[in-house]
Each structure stands twice: as structure tokens, then as C-alpha cells.
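Below you'll find the structure, written out as C-alpha cells, and then a few comments.
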Amino acid sequence: MTELVVKLVIAYLLGCLVGSLVIGRIRGGTDIRTLGSGNAGATNALRTQGKAVAAAVLAIDVVKGWVATAWLAPATLPVIFPAEPALEVWAVPLCGLAVMLGHVYPLFFGFRGGKGVATLVGVVLGISGALCLVMLVTFLVAVILFGYVSLGSMLAAIAVAVAIALGDFPPRAPLLTFAVLASLLILYTHRSNIARLLSGSESRARRLWLLGLRRNT
């Protein structure tokens, strides 16, 4: 039990290293939360600071999610009492949730972080490449068809839960619990986007929106 608790604390602190906010401090104190949409994510970084910064932000946020589930969760920590086998199967899903919560509510940045999508991509990649592919394909198809990055992000998170529920991804119960909770977290962090989608005021990614491209031709 002690080992699992330590892993969760490490995963949360790892999540607190929000890519855009870390890079902002390195670059002289720029706080992306005061720019553009105010979101501390790669999309806002792309719109306000360019492709290079956005790529670095995306890389940091994805990698920390992957580290939490692919490396930290299965690791054996020295001089710490290991978790019981019944609890050990929860290490991956709980570390995945912890790193996402760290990203959304970072201790180092006043508990105001990003929306957690890129970190979820890394978490899912650390769990299963096939699940990550399902997530990315769902995102791309949704954005191409509807033009909304926010809608694509939410549908991609939900697709992971559906894939686990319908597929063979052991341990099924812990992973499905993680996927449902992660989807709910993503929906919550996108609550303002949902409101704009319902009101018709959400901005579209017109370079990716297939219907938009056809209208312009």
C-alpha cells in the first residue's frame, strides 16, 4: 500500500509540470493563461506562441502521461513496502488519473492548469498502443467531420472507455474505471467549450474541417 501511495504522489507531481507553464517560465515569465483562450494547452500555445512552442508543450504533456503509466506504475520502488497484488492492478489506472489531475490542478501553478487531453494521450499510450490509436483516430475523424478540436477531444476520451468496454484490455475493471473517470474529467474541463458548442459560438479548426474546405473551394 505504501508503494502505491508514493507512486500516486509522484504521478501527481509529474503532472504538475504543465508544459506551457514550464516553458513560459523558462522564456522569461510568460503566462499563457493570460493569452488567447487562457487555456494552458498546446492548442492555445499554437495560436499565441507558434508551432515550435506548441510542439514542445505537446511533447512535455504527452511524455509525462506516458511516464506515469508505462514506467512509474509498474516500477519497483526501493526500500518501500510493495502494494498487495489486489491493489497493484490499480497502479496503472490510478497513476494515470493522478498525472491528469496534476496537469489540470498543478500545485506549482496555483492549481490552474490545462484541460488534460495531451496528458491523457500519453497515459493511454503507456497503457496500450491500440487504445491510443483508437483515441487519435476518433479525434482526427471528429475534427475533420465537424471542425471542432474540443468536440474531437471529448469524443476521443469517450472512445477509449468504449473500446475498453467492448474489447479485451486486462485488467478490464480497473482500466474501465480509469477510462470512465478520465472521460468525465475531460468533459468537466471542457465545460466552457460545451456551452459554446451548444450556443454555436465555438471556433472551428477550419484548416482541418472537411466541410469548411469544400465551402472555400
Side-chain angles (χ1 to χ4, degrees), residues 4-5 7-19 39-43 57-74 87-107 111-143 148-194 197:
L4 183 57
V5 171
K7 287 179 179 179
L8 294 182
V9 172
I10 295 174
Y12 169 77
L13 294 176
L14 182 64
C16 292
L17 301 175
V18 181
N39 178 46
T43 301
V57 169
L58 183 64
I60 292 172
D61 292 343
V62 170
V63 168
K64 70 186 182 187
W66 177 85
V67 169
T69 51
W71 180 80
L72 176 62
L87 291 176
E88 189 61 31
V89 297
W90 288 90
V92 168
L94 290 178
C95 283
L97 288 173
V99 73
M100 288 182 67
L101 287 172
H103 179 84
V104 177
Y105 302 107
L107 175 66
F111 300 100
R112 290 179 54 227
K115 295 184 178 179
V117 178
T119 302
L120 177 58
V121 171
V123 167
V124 173
L125 180 61
I127 295 172
S128 166
L131 276 178
C132 189
L133 182 61
V134 168
M135 185 179 182
L136 294 178
V137 169
T138 302
F139 172 80
L140 288 174
V141 170
V143 174
Y148 297 112
V149 172
S150 58
L151 180 60
S153 300
M154 291 183 283
L155 291 177
I158 294 171
V160 174
V162 173
I164 292 173
L166 299 179
D168 182 22
F169 297 96
R172 189 167 179 270
L175 288 183
L176 184 57
T177 301
F178 155 77
V180 170
L181 293 176
S183 298
L184 292 175
L185 178 60
I186 295 298
L187 291 174
Y188 177 75
T189 60
H190 284 77
R191 59 195 182 279
S192 60
N193 301 91
I194 294 173
L197 285 168

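Along the sequence shown, the residues carry numbers beginning at 1.
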- Task: Kindly determine whether Val143 and Leu151 satisfy side-chain contact (heavy atoms from CB on, under 4.5 Å), including the steps that lead there.
- Result: CA-CA 7 Å; Val143 174; Leu151 180 60; over 6 Å; no
- Report the C-alpha separation of Val117 and His190 in whole Å, then their side-chain angles, then the decisive distance to 0.1 Å, and conclude whether the side-chain contact (heavy atoms from CB on, under 4.5 Å) test is met. CA-CA 10 Å; Val117 178; His190 284 77; 3.5 Å; yes
- Query: Quick one: does Tyr12's side chain have a donor or acceptor within less than 3.5 Å of a partner on Leu97's backbone?
  - Reply: no
- CG of Leu120 to CZ of Phe178, rounded to nearest 0.5 Å, is 5.5 Å
- Taking side chain to side chain contact (heavy atoms under 4.5 Å, CB included) as the test, write out the residues that go with Ala173, two or more places apart. none
- Any chance you could measure Thr189, atom OG1, to Ile194, atom CD1, to the nearest 0.5 Å? 8.5 Å
- Query: So, for Leu155 and Ala142, which heavy atoms are closest and what is the spacing to 0.1 Å?
  - Reply: CD1-CB, 3.9 Å
- Message: Can you confirm whether Phe139 sits close enough to Val149 that some side-chain heavy atom of one is under 4.5 Å from a side-chain heavy atom of the other?
- Response: yes
- Those residues that, when tested against Tyr148, pass side-chain hydrogen bond (donor to acceptor under 3.5 Å, both in side chains) (two or more places apart): Arg204
- What pairs with Leu133 under side chain to side chain contact (heavy atoms under 4.5 Å, CB included), at least two apart in sequence or on another chain? Val137
- Item | Straight-line distance of Thr69 OG1 to Lys64 NZ, nearest 0.5 Å | 13.0 Å
- Message: Please determine whether side-chain contact (heavy atoms from CB on, under 4.5 Å) holds for the pair Leu4 and Leu94, giving the CA-CA distance in whole Å, both sets of side-chain angles, and the decisive distance to 0.1 Å.
- Response: CA-CA 9 Å; Leu4 183 57; Leu94 290 178; 4.2 Å; yes
- Message: Filter on side chain to side chain donor-acceptor pair (under 3.5 Å), then keep only pairs touching residues 150-177, sequence neighbours left out; what's left?
- Response: Ser150-Glu202
- Who pairs with Lys115 by salt bridge (Lys or Arg N to Asp or Glu O under 4.0 Å), at least two apart in sequence or on another chain? none
- Closest non-hydrogen atom pair between Gly126 and Ala70, with its separation: CA-CB, 3.8 Å
- How many angstroms lie between atom CH2 of Trp66 and atom SG of Cys132, to the nearest 0.5 angstrom? 12.5 Å
- Task: Looking only at non-hydrogen atoms, find the nearest pair between Pro93 and Pro174 and report the distance.
- Result: CB-O, 3.5 Å
Residues 156-165 side chain polar contacts: donor-acceptor under 3.5 Å, at least two apart:
none

- Message: To check you understand the geometry: which heavy-atom pair defines the closest contact between Cys95 and Ala11, and what is its length?
- Response: O-CB, 3.7 Å
- Rounded to the nearest 0.5 angstrom, the CZ-CG distance for Arg191 and Leu187 is 11.5 Å
- Message: Using 0.5 Å steps for rounding, measure from the CE atom of Met100 to the CG atom of Asp61.
- Response: 11.5 Å
